[in-house]
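Nothing here was measured: the structure is a model prediction, and the numbers come from that model. Per chain, numbering begins at 1; letters A, B, ... match sequence-line order.
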2 protein chains.
Amino acid sequence: MLKLTKRTEYGLIALTHLAQRQGEVVPAREIGDRYPIPRRLLAEVLKDLCNADLVASTRGAHGGYALVRPAQELSLGEIVSALEGAPTVSSCGDGDLLHGEHSCDVQSICPIRSPLVEIKDKIWQMMLTTSLASLAQPHKPYRPLASQTQVNGSVKSSIESP
Amino acid sequence: MLKLTKRTEYGLIALTHLAQRQGEVVPAREIGDRYPIPRRLLAEVLKDLCNADLVASTRGAHGGYALVRPAQELSLGEIVSALEGAPTVSSCGDGDLLHGEHSCDVQSICPIRSPLVEIKDKIWQMMLTTSLASLAQPHKPYRPLASQTQVNGSVKSSIESP
DNA sequence: ATTATCGGCACTACTTGAGTGCGGATTGAT
DNA sequence: ATCAATCCGCACTCAAGTAGTGCCGATAAT
Ligand code: SF4
Ligand code: SF4
């Protein structure tokens, strides 16, 4: 199901918090103190972010975490990628078929492989061009990608017939 | 992890096959005959598509399935929605908070809820405006969304600094 | 009657995700 | 030197979702 993991969401929350205190070293306790996130899990996530070099850690008494780059230069894509790997959409990566991992039997004759890779790229591109800063701003102006009519509950196609 | 289920992929493959024989009634056996998909699973998926009124079924000896609408008017969004529910991105739906399901403790003060809903809408919008027909065309021209540098292994952000 | 097809229910095995436990290492304050 | 606050690392349990299967009944053409 097309959904982010909770770890990623917690990571994003933590990062927005760090973004607000840009430059400062913030202990994990403070974050877990403000948001009802399982502390232990939060630590785990921050560790992952640290391993991915998105935040820097300082140990010891007055230790904590800090963004390694300003929030404007941190992309959602990087964060997601660090916490749960890049989006895949299809079960077979976009790896050059014929080599390596035969994750799917259909692969050689799959009619939807290539189109799905395109969709993945679009999603991925969107995430790479979305900065943490724009996430942190509570009510940002909303810059639509294309014509953006509100879409919610009921599903009825509205495709431009070519 | 941001990925479609295999059921959905199988459904898409089946639908592209039906699209090629638009108007005809095609038995599930034929599809499972062309693609190495577990037959039994394929049947399950087609059943779901039938329940969602995306395909019509005919029972009996010369029975089978047929698209209920031309492929140009069938959106990827509808298909995904029928097979695994609409994309959610965040664990909490976009349901009006304060009511109903408290799927997440952070909900009331979550700083990323609203931004994630926006992203979900963009993805959703993309899927709603992508027709089955465009998926079925084997090698379509590839229309990039923006500057599309290949993104794979290593992730380095490339955000336009505003 | 026979055969090919869909329909429905329920079931198992596997993978992933959420969340936890515990002890150790580092650093600053006393 | 001691203590307290913090990060670090590994491994573990439990729940949920996904992949895939079995079986038999209902329809309808021949
Ligand atoms: S080959 Fe086709 S079906 Fe198999 S995983 Fe890739 S896209 Fe999905
Ligand atoms: S409230 Fe925030 S953290 Fe909880 S699910 Fe919704 S978006 Fe994710």
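Within 6.0 Å of CZ in B:R39 there are more than 12 heavy atoms belonging to other residues, nucleotides or ligands.
Atom CG in B:L46 sits roughly 13 Å away from atom P in C:dG8 (whole-Å rounding). Put simply, CG on A:L42 is 13 Å from P on D:dC8, counting in whole angstrom units. Atom C1' of nucleotide D:dA11 and atom NZ of A:K47 are separated by 11 Å, given to the nearest angstrom. Taking atom CD1 on B:I31 and atom C1' on C:dT5, their separation rounds to 13 Å, with Å as the unit. What separates CG of A:L4 from C1' of C:dG17 is a distance of 13 Å, to the nearest Å. The interatomic distance linking A:E44 (CD) with C:dT16 (C1') rounds to 16 Å, in whole Å. Distance A:M1 CE to C:dA18 P: 12 Å, rounded to the nearest Å. Taking atom CG on A:D48 and atom P on D:dC7, their separation rounds to 14 Å, with Å as the unit.
In the set D:dC8, C:dG17, D:dA29, the nucleotide with an atom closest to the side chain of B:H62 is D:dA29. The listed nucleotides are C:dT20, C:dC6, D:dC8; the one nearest the side chain of B:Y65 is C:dC6. The listed nucleotides are C:dG19, C:dT27, D:dT21; the one nearest the side chain of A:P38 is C:dG19. With D:dT18, D:dT6, C:dG7 as the candidates, the nucleotide lying closest to the side chain of A:R29 is D:dT6. Listed candidates were C:dG19, C:dG28, D:dG20. Nearest to the side chain of A:A61 is C:dG28.
B:A71 approaches B:S131 most closely through the heavy-atom pair O-CB, 3.9 Å. Of all non-hydrogen atoms in B:Y35 and B:H17, the two that sit nearest each other are CE1-ND1, 3.9 Å.
For the pair A:Y10 and C:dG19, the criterion of a side-chain N or O lying under 4.0 Å from OP1 or OP2 is met. Between B:S57 and C:dG7, a side-chain N or O to OP1/OP2 separation shorter than 4.0 Å is present. The side chain of B:R7 contributes no N or O atom lying less than 4.0 Å from OP1 or OP2 of D:dA19.
Residues B:T88 and A:K3 have side chains that never bring a donor and an acceptor to within less than 3.5 angstrom of each other.
Counting atom types as modelled, B:R59 pairs no side-chain N or O with a base atom of D:dA28 as donor and acceptor under 3.5 Å.
With the nearest nucleotide of DNA chain C identified for both B:G63 and B:S91, B:G63 has the one nearer the 5' end.
Between the CG atom of A:L132 and the CG atom of A:L18 there is a distance of 8.5 Å, given to the nearest 0.5 Å.
If you check every strand for non-hydrogen atoms under 4.0 Å, B:A28 touches sugar and phosphate atoms only.
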